[in-house]
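As C-alpha coordinates, the structure follows; a few thoughts come after it.
Keep in mind that what you see is a predicted model, and the values were worked out from it rather than measured. Letters A, B, ... are given to chains in the order of the sequence lines, protein chains preceding strands, and every chain is numbered from 1.
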Protein chains: 2
Amino acid sequence: MTDVMTEASGATQRSSAARALGPDGAPAYDLIELLFFAYRDFVRDADEALAAYGFGRAHHRVLHFVDRNPGLRVTELLDILKITKQSLGRVLRELIDQGFIIQREGASDRRQRLLFVTERGDALALKLAHLQTERISRALEGCGDDVGAAARRFLFAMVDPEERDAVARLAMPGRPRGGRA
Amino acid sequence: MTDVMTEASGATQRSSAARALGPDGAPAYDLIELLFFAYRDFVRDADEALAAYGFGRAHHRVLHFVDRNPGLRVTELLDILKITKQSLGRVLRELIDQGFIIQREGASDRRQRLLFVTERGDALALKLAHLQTERISRALEGCGDDVGAAARRFLFAMVDPEERDAVARLAMPGRPRGGRA
DNA sequence: GGGATAAGTCAATATGACTGACGTAATGAC
DNA sequence: GTCATTACGTCAGTCATATTGACTTATCCC
(Lines give C-alpha, C1' and ligand atoms only; values in the text may rest on other atoms or scores of the structure.)
Protein backbone atom coordinates (compact mmCIF):
# COMPACT_ATOMS: atom_id res chain seq x y z
CA MET A 1 0.00 0.00 0.00
CA THR A 2 1.29 3.41 -0.82
CA ASP A 3 2.28 5.15 2.33
CA VAL A 4 0.20 8.23 2.10
CA MET A 5 0.66 9.14 5.68
CA THR A 6 4.39 9.57 5.60
CA GLU A 7 4.20 11.42 2.33
CA ALA A 8 1.64 13.79 3.73
CA SER A 9 3.23 14.47 7.06
CA GLY A 10 6.82 14.51 5.93
CA ALA A 11 8.23 17.91 6.74
CA THR A 12 10.89 17.81 4.04
CA GLN A 13 8.96 19.20 1.09
CA ARG A 14 5.87 21.27 1.39
CA SER A 15 3.05 20.28 -0.91
CA SER A 16 0.73 22.82 -2.41
CA ALA A 17 -1.71 21.76 0.25
CA ALA A 18 0.67 22.76 2.97
CA ARG A 19 1.35 26.10 1.38
CA ALA A 20 -2.26 27.05 0.94
CA LEU A 21 -3.66 25.58 4.07
CA GLY A 22 -1.38 25.98 6.97
CA PRO A 23 2.11 25.49 8.25
CA ASP A 24 1.61 21.85 9.08
CA GLY A 25 -0.15 20.70 5.94
CA ALA A 26 -3.30 20.02 7.88
CA PRO A 27 -6.31 19.01 5.84
CA ALA A 28 -8.78 21.73 4.93
CA TYR A 29 -11.46 20.19 7.11
CA ASP A 30 -13.52 23.35 7.23
CA LEU A 31 -13.92 23.68 3.46
CA ILE A 32 -14.37 19.93 3.02
CA GLU A 33 -17.20 19.93 5.52
CA LEU A 34 -18.72 23.19 4.35
CA LEU A 35 -18.90 21.80 0.83
CA PHE A 36 -20.69 18.75 2.19
CA PHE A 37 -23.18 20.68 4.30
CA ALA A 38 -23.83 23.38 1.71
CA TYR A 39 -24.45 20.84 -1.04
CA ARG A 40 -26.56 18.68 1.24
CA ASP A 41 -28.96 21.53 1.87
CA PHE A 42 -28.70 22.99 -1.63
CA VAL A 43 -30.02 19.88 -3.36
CA ARG A 44 -32.68 19.27 -0.74
CA ASP A 45 -34.73 22.24 -1.89
CA ALA A 46 -35.24 20.74 -5.33
CA ASP A 47 -35.52 17.16 -4.05
CA GLU A 48 -38.59 18.06 -2.05
CA ALA A 49 -40.28 19.76 -4.98
CA LEU A 50 -39.42 16.88 -7.31
CA ALA A 51 -41.02 14.32 -5.01
CA ALA A 52 -44.43 15.76 -5.91
CA TYR A 53 -43.84 14.69 -9.52
CA GLY A 54 -42.40 11.31 -8.64
CA PHE A 55 -39.05 12.48 -9.90
CA GLY A 56 -35.62 12.32 -8.35
CA ARG A 57 -32.38 14.19 -8.55
CA ALA A 58 -31.43 12.50 -11.79
CA HIS A 59 -34.55 13.83 -13.50
CA HIS A 60 -33.71 17.29 -12.30
CA ARG A 61 -30.24 17.24 -13.75
CA VAL A 62 -31.47 16.06 -17.13
CA LEU A 63 -34.30 18.55 -17.21
CA HIS A 64 -32.03 21.36 -16.11
CA PHE A 65 -29.38 20.88 -18.76
CA VAL A 66 -31.89 20.31 -21.54
CA ASP A 67 -33.73 23.44 -20.48
CA ARG A 68 -30.51 25.39 -20.52
CA ASN A 69 -29.26 23.88 -23.77
CA PRO A 70 -32.11 23.35 -26.19
CA GLY A 71 -31.29 20.94 -28.97
CA LEU A 72 -28.74 19.14 -26.80
CA ARG A 73 -27.70 15.77 -28.19
CA VAL A 74 -27.87 12.68 -26.01
CA THR A 75 -24.13 12.17 -26.26
CA GLU A 76 -23.46 15.70 -25.08
CA LEU A 77 -25.80 15.22 -22.15
CA LEU A 78 -24.00 12.03 -21.16
CA ASP A 79 -20.72 13.89 -21.24
CA ILE A 80 -22.04 16.66 -19.02
CA LEU A 81 -23.52 14.32 -16.46
CA LYS A 82 -20.68 11.78 -16.60
CA ILE A 83 -23.03 8.82 -16.51
CA THR A 84 -23.66 5.96 -18.92
CA LYS A 85 -26.42 5.95 -21.48
CA GLN A 86 -28.06 3.05 -19.66
CA SER A 87 -28.29 5.18 -16.56
CA LEU A 88 -29.73 8.05 -18.53
CA GLY A 89 -32.18 5.74 -20.29
CA ARG A 90 -34.88 5.31 -17.73
CA VAL A 91 -34.80 8.88 -16.50
CA LEU A 92 -34.99 10.36 -19.98
CA ARG A 93 -37.77 7.97 -20.96
CA GLU A 94 -39.86 9.03 -17.99
CA LEU A 95 -39.34 12.70 -18.72
CA ILE A 96 -40.37 12.12 -22.34
CA ASP A 97 -43.33 9.88 -21.49
CA GLN A 98 -44.66 12.43 -19.05
CA GLY A 99 -44.31 15.28 -21.49
CA PHE A 100 -41.48 17.27 -19.97
CA ILE A 101 -39.01 16.68 -22.77
CA ILE A 102 -39.38 15.92 -26.47
CA GLN A 103 -36.94 14.57 -28.99
CA ARG A 104 -36.44 15.71 -32.56
CA GLU A 105 -34.47 14.21 -35.35
CA GLY A 106 -31.35 16.18 -36.16
CA ALA A 107 -31.71 18.26 -39.32
CA SER A 108 -28.24 17.56 -40.71
CA ASP A 109 -27.70 14.18 -39.04
CA ARG A 110 -30.82 12.12 -38.73
CA ARG A 111 -29.23 9.71 -36.25
CA GLN A 112 -29.28 12.43 -33.64
CA ARG A 113 -32.15 12.83 -31.21
CA LEU A 114 -32.04 16.47 -30.22
CA LEU A 115 -33.56 17.19 -26.82
CA PHE A 116 -35.91 20.05 -26.03
CA VAL A 117 -38.06 20.87 -23.03
CA THR A 118 -41.78 21.26 -23.54
CA GLU A 119 -43.67 24.16 -22.03
CA ARG A 120 -44.36 21.96 -19.06
CA GLY A 121 -40.72 20.96 -18.81
CA ASP A 122 -39.60 24.56 -18.98
CA ALA A 123 -42.02 25.50 -16.23
CA LEU A 124 -40.72 22.80 -13.91
CA ALA A 125 -37.08 23.54 -14.69
CA LEU A 126 -37.68 27.20 -13.99
CA LYS A 127 -39.51 26.45 -10.77
CA LEU A 128 -36.63 24.36 -9.49
CA ALA A 129 -34.05 26.91 -10.59
CA HIS A 130 -35.94 29.60 -8.71
CA LEU A 131 -35.98 27.50 -5.57
CA GLN A 132 -32.24 27.09 -5.72
CA THR A 133 -31.69 30.70 -6.66
CA GLU A 134 -33.62 31.78 -3.60
CA ARG A 135 -31.18 29.97 -1.35
CA ILE A 136 -28.23 31.39 -3.26
CA SER A 137 -29.59 34.91 -3.13
CA ARG A 138 -30.26 34.73 0.57
CA ALA A 139 -26.77 33.37 1.10
CA LEU A 140 -25.19 36.19 -0.86
CA GLU A 141 -27.25 38.79 0.95
CA GLY A 142 -25.71 37.72 4.21
CA CYS A 143 -22.18 38.05 2.82
CA GLY A 144 -19.93 40.84 1.73
CA ASP A 145 -20.11 42.42 -1.67
CA ASP A 146 -17.54 40.43 -3.58
CA VAL A 147 -18.45 37.09 -2.13
CA GLY A 148 -20.55 36.08 -5.14
CA ALA A 149 -17.70 36.66 -7.54
CA ALA A 150 -15.24 34.95 -5.22
CA ALA A 151 -17.54 31.95 -4.84
CA ARG A 152 -17.76 31.63 -8.62
CA ARG A 153 -14.00 31.75 -8.93
CA PHE A 154 -13.49 29.18 -6.20
CA LEU A 155 -16.09 26.74 -7.51
CA PHE A 156 -14.80 27.08 -11.04
CA ALA A 157 -11.27 26.38 -9.85
CA MET A 158 -12.51 23.25 -8.07
CA VAL A 159 -13.50 21.74 -11.41
CA ASP A 160 -11.07 19.36 -13.10
CA PRO A 161 -8.73 21.46 -15.28
CA GLU A 162 -9.57 19.47 -18.39
CA GLU A 163 -13.27 20.06 -17.80
CA ARG A 164 -13.06 23.78 -17.30
CA ASP A 165 -13.53 24.77 -20.91
CA ALA A 166 -16.70 22.73 -21.12
CA VAL A 167 -17.95 24.08 -17.80
CA ALA A 168 -17.14 27.67 -18.75
CA ARG A 169 -19.18 27.27 -21.92
CA LEU A 170 -22.13 25.85 -20.00
CA ALA A 171 -22.09 27.85 -16.81
CA MET A 172 -21.05 31.22 -18.15
CA PRO A 173 -22.60 34.02 -16.07
CA GLY A 174 -25.37 35.87 -17.81
CA ARG A 175 -25.83 33.26 -20.50
CA PRO A 176 -29.38 33.65 -21.82
CA ARG A 177 -32.10 31.16 -21.11
CA GLY A 178 -32.73 28.76 -23.95
CA GLY A 179 -35.97 28.46 -25.87
CA ARG A 180 -38.48 25.69 -25.87
CA ALA A 181 -39.12 23.16 -28.58
CA MET B 1 -11.20 31.02 -19.24
CA THR B 2 -10.55 33.04 -16.13
CA ASP B 3 -12.08 36.12 -17.70
CA VAL B 4 -15.38 34.33 -17.87
CA MET B 5 -15.33 33.59 -14.21
CA THR B 6 -13.86 36.77 -12.86
CA GLU B 7 -16.55 38.89 -14.45
CA ALA B 8 -19.02 39.91 -11.77
CA SER B 9 -22.24 40.74 -13.50
CA GLY B 10 -23.97 43.94 -12.48
CA ALA B 11 -23.13 47.28 -14.00
CA THR B 12 -25.99 48.88 -12.12
CA GLN B 13 -25.73 48.81 -8.34
CA ARG B 14 -28.40 46.64 -6.81
CA SER B 15 -28.73 44.54 -3.72
CA SER B 16 -26.73 41.34 -3.54
CA ALA B 17 -29.90 39.38 -4.07
CA ALA B 18 -30.86 41.28 -7.17
CA ARG B 19 -27.40 40.80 -8.54
CA ALA B 20 -27.57 37.09 -7.95
CA LEU B 21 -30.89 36.94 -9.74
CA GLY B 22 -29.79 39.24 -12.50
CA PRO B 23 -31.49 42.37 -13.76
CA ASP B 24 -34.70 40.55 -14.70
CA GLY B 25 -34.98 38.12 -11.81
CA ALA B 26 -33.40 35.34 -13.86
CA PRO B 27 -32.15 32.28 -11.99
CA ALA B 28 -28.55 32.14 -10.87
CA TYR B 29 -27.72 29.46 -13.41
CA ASP B 30 -23.99 30.04 -13.18
CA LEU B 31 -23.75 29.36 -9.45
CA ILE B 32 -26.25 26.50 -9.66
CA GLU B 33 -24.17 24.80 -12.32
CA LEU B 34 -20.83 25.62 -10.75
CA LEU B 35 -21.99 24.00 -7.53
CA PHE B 36 -22.95 20.91 -9.50
CA PHE B 37 -19.71 20.65 -11.45
CA ALA B 38 -17.46 21.54 -8.52
CA TYR B 39 -19.11 18.98 -6.25
CA ARG B 40 -19.12 16.34 -8.98
CA ASP B 41 -15.34 16.56 -9.33
CA PHE B 42 -14.71 17.14 -5.63
CA VAL B 43 -16.24 13.84 -4.54
CA ARG B 44 -14.72 11.89 -7.40
CA ASP B 45 -11.23 12.14 -5.93
CA ALA B 46 -12.22 10.23 -2.83
CA ASP B 47 -14.58 7.88 -4.68
CA GLU B 48 -11.71 6.52 -6.72
CA ALA B 49 -9.54 5.91 -3.68
CA LEU B 50 -12.41 4.28 -1.80
CA ALA B 51 -13.05 1.80 -4.58
CA ALA B 52 -9.76 0.07 -3.69
CA TYR B 53 -11.25 -0.77 -0.28
CA GLY B 54 -14.64 -1.78 -1.62
CA PHE B 55 -16.13 1.26 0.05
CA GLY B 56 -18.41 3.94 -1.30
CA ARG B 57 -19.22 7.53 -0.57
CA ALA B 58 -21.35 6.60 2.42
CA HIS B 59 -18.44 4.89 4.11
CA HIS B 60 -16.33 7.96 3.56
CA ARG B 61 -18.83 10.26 5.21
CA VAL B 62 -19.15 8.04 8.24
CA LEU B 63 -15.42 7.57 8.56
CA HIS B 64 -14.77 11.25 8.10
CA PHE B 65 -17.11 12.47 10.79
CA VAL B 66 -16.09 9.80 13.27
CA ASP B 67 -12.46 10.65 12.62
CA ARG B 68 -13.17 14.29 13.20
CA ASN B 69 -15.39 13.72 16.21
CA PRO B 70 -14.08 10.86 18.34
CA GLY B 71 -16.68 9.46 20.69
CA LEU B 72 -19.52 10.51 18.41
CA ARG B 73 -22.83 8.89 19.26
CA VAL B 74 -24.81 7.07 16.59
CA THR B 75 -27.71 9.50 16.96
CA GLU B 76 -25.45 12.48 16.44
CA LEU B 77 -24.00 10.90 13.34
CA LEU B 78 -27.47 10.32 11.93
CA ASP B 79 -28.29 13.95 12.54
CA ILE B 80 -25.17 15.12 10.74
CA LEU B 81 -25.68 12.90 7.73
CA LYS B 82 -29.46 13.31 7.63
CA ILE B 83 -30.07 9.67 6.89
CA THR B 84 -31.96 6.94 8.73
CA LYS B 85 -30.34 4.50 11.09
CA GLN B 86 -31.25 1.68 8.72
CA SER B 87 -29.21 3.36 6.00
CA LEU B 88 -26.32 3.86 8.36
CA GLY B 89 -26.55 0.28 9.60
CA ARG B 90 -24.85 -1.61 6.82
CA VAL B 91 -22.17 0.98 6.21
CA LEU B 92 -21.22 1.25 9.85
CA ARG B 93 -21.21 -2.53 10.23
CA GLU B 94 -18.78 -2.92 7.35
CA LEU B 95 -16.47 -0.24 8.73
CA ILE B 96 -16.50 -1.96 12.12
CA ASP B 97 -16.10 -5.48 10.72
CA GLN B 98 -13.12 -4.40 8.65
CA GLY B 99 -11.46 -2.66 11.56
CA PHE B 100 -11.77 0.98 10.58
CA ILE B 101 -14.09 1.96 13.40
CA ILE B 102 -14.71 0.60 16.88
CA GLN B 103 -17.55 1.13 19.30
CA ARG B 104 -17.37 1.68 23.02
CA GLU B 105 -20.05 1.70 25.61
CA GLY B 106 -20.77 5.17 26.93
CA ALA B 107 -19.27 5.76 30.36
CA SER B 108 -22.20 7.66 31.83
CA ASP B 109 -24.90 6.13 29.65
CA ARG B 110 -24.36 2.50 28.82
CA ARG B 111 -26.97 2.50 26.05
CA GLN B 112 -24.70 4.62 23.94
CA ARG B 113 -22.26 3.14 21.47
CA LEU B 114 -19.57 5.78 21.11
CA LEU B 115 -17.72 5.67 17.80
CA PHE B 116 -13.98 5.92 17.37
CA VAL B 117 -11.67 5.35 14.43
CA THR B 118 -8.91 2.79 14.75
CA GLU B 119 -5.39 3.55 13.64
CA ARG B 120 -6.31 2.07 10.30
CA GLY B 121 -9.46 4.17 10.11
CA ASP B 122 -7.58 7.31 10.97
CA ALA B 123 -5.04 6.57 8.25
CA LEU B 124 -7.73 6.14 5.61
CA ALA B 125 -9.66 9.19 6.74
CA LEU B 126 -6.53 11.26 6.61
CA LYS B 127 -5.58 9.93 3.20
CA LEU B 128 -8.96 10.90 1.79
CA ALA B 129 -8.89 14.29 3.46
CA HIS B 130 -5.49 14.95 1.92
CA LEU B 131 -6.78 14.04 -1.52
CA GLN B 132 -9.60 16.51 -1.18
CA THR B 133 -7.38 19.13 0.36
CA GLU B 134 -5.06 18.91 -2.61
CA ARG B 135 -7.86 19.89 -4.94
CA ILE B 136 -8.95 22.69 -2.63
CA SER B 137 -5.41 24.00 -2.30
CA ARG B 138 -4.84 24.00 -6.01
CA ALA B 139 -8.15 25.77 -6.50
CA LEU B 140 -7.28 28.45 -3.96
CA GLU B 141 -3.84 28.95 -5.44
CA GLY B 142 -5.40 29.93 -8.73
CA CYS B 143 -7.62 32.50 -7.06
CA GLY B 144 -7.14 35.81 -5.35
CA ASP B 145 -6.12 36.22 -1.75
CA ASP B 146 -9.48 36.49 -0.08
CA VAL B 147 -11.21 33.84 -2.10
CA GLY B 148 -10.78 31.14 0.53
CA ALA B 149 -12.42 33.23 3.21
CA ALA B 150 -15.17 34.31 0.83
CA ALA B 151 -15.83 30.71 -0.19
CA ARG B 152 -16.17 29.72 3.45
CA ARG B 153 -18.61 32.53 4.06
CA PHE B 154 -20.66 31.68 0.98
CA LEU B 155 -20.83 27.96 1.69
CA PHE B 156 -21.73 28.55 5.30
CA ALA B 157 -24.50 30.92 4.26
CA MET B 158 -25.84 28.23 1.92
CA VAL B 159 -26.54 25.98 4.87
CA ASP B 160 -30.06 25.94 6.32
CA PRO B 161 -30.24 28.67 8.97
CA GLU B 162 -31.41 26.24 11.64
CA GLU B 163 -28.45 23.99 10.88
CA ARG B 164 -25.80 26.66 11.03
CA ASP B 165 -25.05 26.35 14.72
CA ALA B 166 -24.42 22.65 14.36
CA VAL B 167 -22.32 23.18 11.24
CA ALA B 168 -20.32 25.96 12.84
CA ARG B 169 -19.48 23.67 15.73
CA LEU B 170 -18.38 20.87 13.39
CA ALA B 171 -16.71 22.74 10.57
CA MET B 172 -15.05 25.53 12.46
CA PRO B 173 -11.78 26.57 10.77
CA GLY B 174 -8.69 25.43 12.57
CA ARG B 175 -10.50 22.94 14.76
CA PRO B 176 -7.94 20.37 15.90
CA ARG B 177 -7.90 16.82 14.64
CA GLY B 178 -9.45 14.35 17.02
CA GLY B 179 -7.65 11.43 18.58
CA ARG B 180 -8.06 7.74 17.96
CA ALA B 181 -9.70 5.17 20.15
C1' DG C 1 -42.94 -0.21 37.57
C1' DG C 2 -43.28 2.13 33.39
C1' DG C 3 -42.38 5.46 29.80
C1' DA C 4 -38.71 7.32 27.04
C1' DT C 5 -34.37 6.88 24.79
C1' DA C 6 -30.18 4.61 22.23
C1' DA C 7 -29.17 1.35 19.31
C1' DG C 8 -29.73 -2.65 16.35
C1' DT C 9 -32.24 -5.54 13.12
C1' DC C 10 -35.59 -7.68 9.62
C1' DA C 11 -38.12 -6.97 5.48
C1' DA C 12 -39.52 -4.75 1.47
C1' DT C 13 -38.79 -1.14 -1.82
C1' DA C 14 -36.95 2.85 -4.68
C1' DT C 15 -33.38 5.27 -7.03
C1' DG C 16 -29.45 5.88 -9.42
C1' DA C 17 -25.68 4.09 -10.88
C1' DC C 18 -22.74 0.29 -13.23
C1' DT C 19 -20.98 -3.50 -16.99
C1' DG C 20 -21.70 -6.10 -21.01
C1' DA C 21 -23.98 -7.37 -25.03
C1' DC C 22 -26.75 -6.53 -28.85
C1' DG C 23 -29.62 -4.09 -32.43
C1' DT C 24 -30.82 -0.42 -35.70
C1' DA C 25 -30.31 3.29 -38.41
C1' DA C 26 -27.60 6.77 -40.57
C1' DT C 27 -23.23 8.78 -41.88
C1' DG C 28 -19.08 9.15 -44.27
C1' DA C 29 -14.87 7.43 -46.33
C1' DC C 30 -13.07 4.53 -49.83
C1' DG D 1 -21.83 0.15 -53.06
C1' DT D 2 -19.57 -1.71 -49.35
C1' DC D 3 -18.02 -1.11 -44.80
C1' DA D 4 -16.43 0.88 -40.56
C1' DT D 5 -18.02 4.18 -37.45
C1' DT D 6 -21.23 6.83 -34.94
C1' DA D 7 -25.69 7.90 -32.40
C1' DC D 8 -29.01 5.99 -30.04
C1' DG D 9 -31.73 2.55 -27.76
C1' DT D 10 -32.51 -1.60 -25.08
C1' DC D 11 -32.18 -6.09 -22.51
C1' DA D 12 -30.27 -8.28 -18.56
C1' DG D 13 -28.00 -8.43 -14.36
C1' DT D 14 -25.81 -6.19 -10.47
C1' DC D 15 -24.49 -2.90 -6.84
C1' DA D 16 -24.73 1.05 -3.56
C1' DT D 17 -27.39 4.02 -1.12
C1' DA D 18 -31.27 5.34 0.44
C1' DT D 19 -36.25 4.86 2.10
C1' DT D 20 -40.55 3.27 5.43
C1' DG D 21 -42.34 0.39 8.89
C1' DA D 22 -42.16 -2.82 12.56
C1' DC D 23 -39.92 -4.90 16.21
C1' DT D 24 -36.30 -6.02 19.94
C1' DT D 25 -32.99 -5.18 23.57
C1' DA D 26 -30.93 -2.63 26.90
C1' DT D 27 -30.76 1.18 29.66
C1' DC D 28 -32.06 5.50 31.83
C1' DC D 29 -34.86 8.24 34.66
C1' DC D 30 -39.01 9.56 37.07
Short N-O contact, A:Asp47 and A:Arg44, less than 4.0 angstrom
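Looking at A:Arg44 together with A:Asp47, the answer is no, because their closest N to O distance does not fall below 4.0 Å.
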Whole Å only: how far is the [atom1] atom of [X] from the [atom2] atom of [N]?
{"X": "B:Leu92", "N": "D:dT17", "atom1": "CG", "atom2": "C1'", "answer": "15 Å"}
{"X": "B:Leu114", "N": "C:dA6", "atom1": "CG", "atom2": "C1'", "answer": "11 Å"}
{"X": "A:Arg104", "N": "D:dC8", "atom1": "CZ", "atom2": "P", "answer": "16 Å"}
{"X": "A:Gln112", "N": "C:dT24", "atom1": "CD", "atom2": "C1'", "answer": "16 Å"}
{"X": "B:Arg73", "N": "C:dG8", "atom1": "CZ", "atom2": "P", "answer": "12 Å"}
{"X": "B:Asp109", "N": "D:dC30", "atom1": "CG", "atom2": "P", "answer": "12 Å"}
{"X": "B:Glu48", "N": "C:dA17", "atom1": "CD", "atom2": "C1'", "answer": "15 Å"}
{"X": "B:Glu105", "N": "D:dT25", "atom1": "CD", "atom2": "C1'", "answer": "13 Å"}

Please check the phosphate of [N] (OP1 and OP2 only) for any side-chain N or O of [X] closer than 4.0 Å.
{"X": "A:Thr84", "N": "C:dC18", "result": "yes"}
{"X": "B:His59", "N": "D:dT17", "result": "yes"}
{"X": "B:Ser87", "N": "D:dT17", "result": "no"}
{"X": "A:Arg57", "N": "C:dA14", "result": "no"}

Given DNA chain D, 5'-ward residue of the pair B:Arg90 and B:Lys85, judged by closest heavy atom
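In this pair, the answer is B:Arg90.
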Kindly say whether, by distance alone, the side chain of A:Gln86 makes a donor-acceptor pair under 3.5 Å with the base of C:dG20?
yes
Selection from [options] that lies nearest to any side-chain heavy atom of [X]:
{"X": "A:Arg110", "options": "D:dT19, C:dT27, D:dC28", "value": "C:dT27"}
{"X": "A:Val74", "options": "C:dC18, D:dC8, D:dT17", "value": "D:dC8"}
{"X": "B:Arg61", "options": "D:dT19, D:dA18, D:dC8", "value": "D:dA18"}
{"X": "A:Arg93", "options": "C:dA25, D:dT17, D:dT10", "value": "D:dT10"}

So, applying salt bridge (Lys or Arg N to Asp or Glu O under 4.0 Å) with B:Asp45, which one of B:Arg135, B:Lys127, B:Arg40 is it?
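So, applying the salt bridge (Lys or Arg N to Asp or Glu O under 4.0 Å) to B:Asp45 and each of B:Arg135, B:Lys127, B:Arg40, only B:Arg135 qualifies.
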Does any part of the side chain of B:Phe42, heavy atoms only, come nearer than 4.5 Å to the side chain of A:Val159, both counted from C-beta?
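A side-chain contact is absent here, since even the closest heavy-atom pair is not under 4.5 Å.
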Is any side-chain heavy atom of A:Tyr39 less than 4.5 Å from a side-chain heavy atom of A:Val43?
yes
Can A:Tyr29 and B:His64 be said to form a ring-ring contact (aromatic ring centres under 6.0 Å, His included), step by step?
CA-CA 10 Å; A:Tyr29 284 126; B:His64 173 93; 5.8 Å; yes
So what does [X] touch, heavy atoms closer than 4.0 Å: a base, only the sugar-phosphate, or nothing?
{"X": "B:Gly89", "result": "nothing"}
{"X": "B:Glu76", "result": "nothing"}
{"X": "A:Gln103", "result": "sugar-phosphate"}

Could you pick out which residue, A:Glu94 or B:Thr75, lies toward the 5' side of DNA chain C when each is mapped onto its nearest nucleotide?
B:Thr75
Return whichever of A:Arg111 or A:Leu88 has its heavy-atom-nearest nucleotide of DNA chain C closer to the 5' end.
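Nearest nucleotide further toward 5': that of A:Leu88.
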Near-ring test A:His59/A:Tyr53, centroid separation under 6.0 angstrom
no
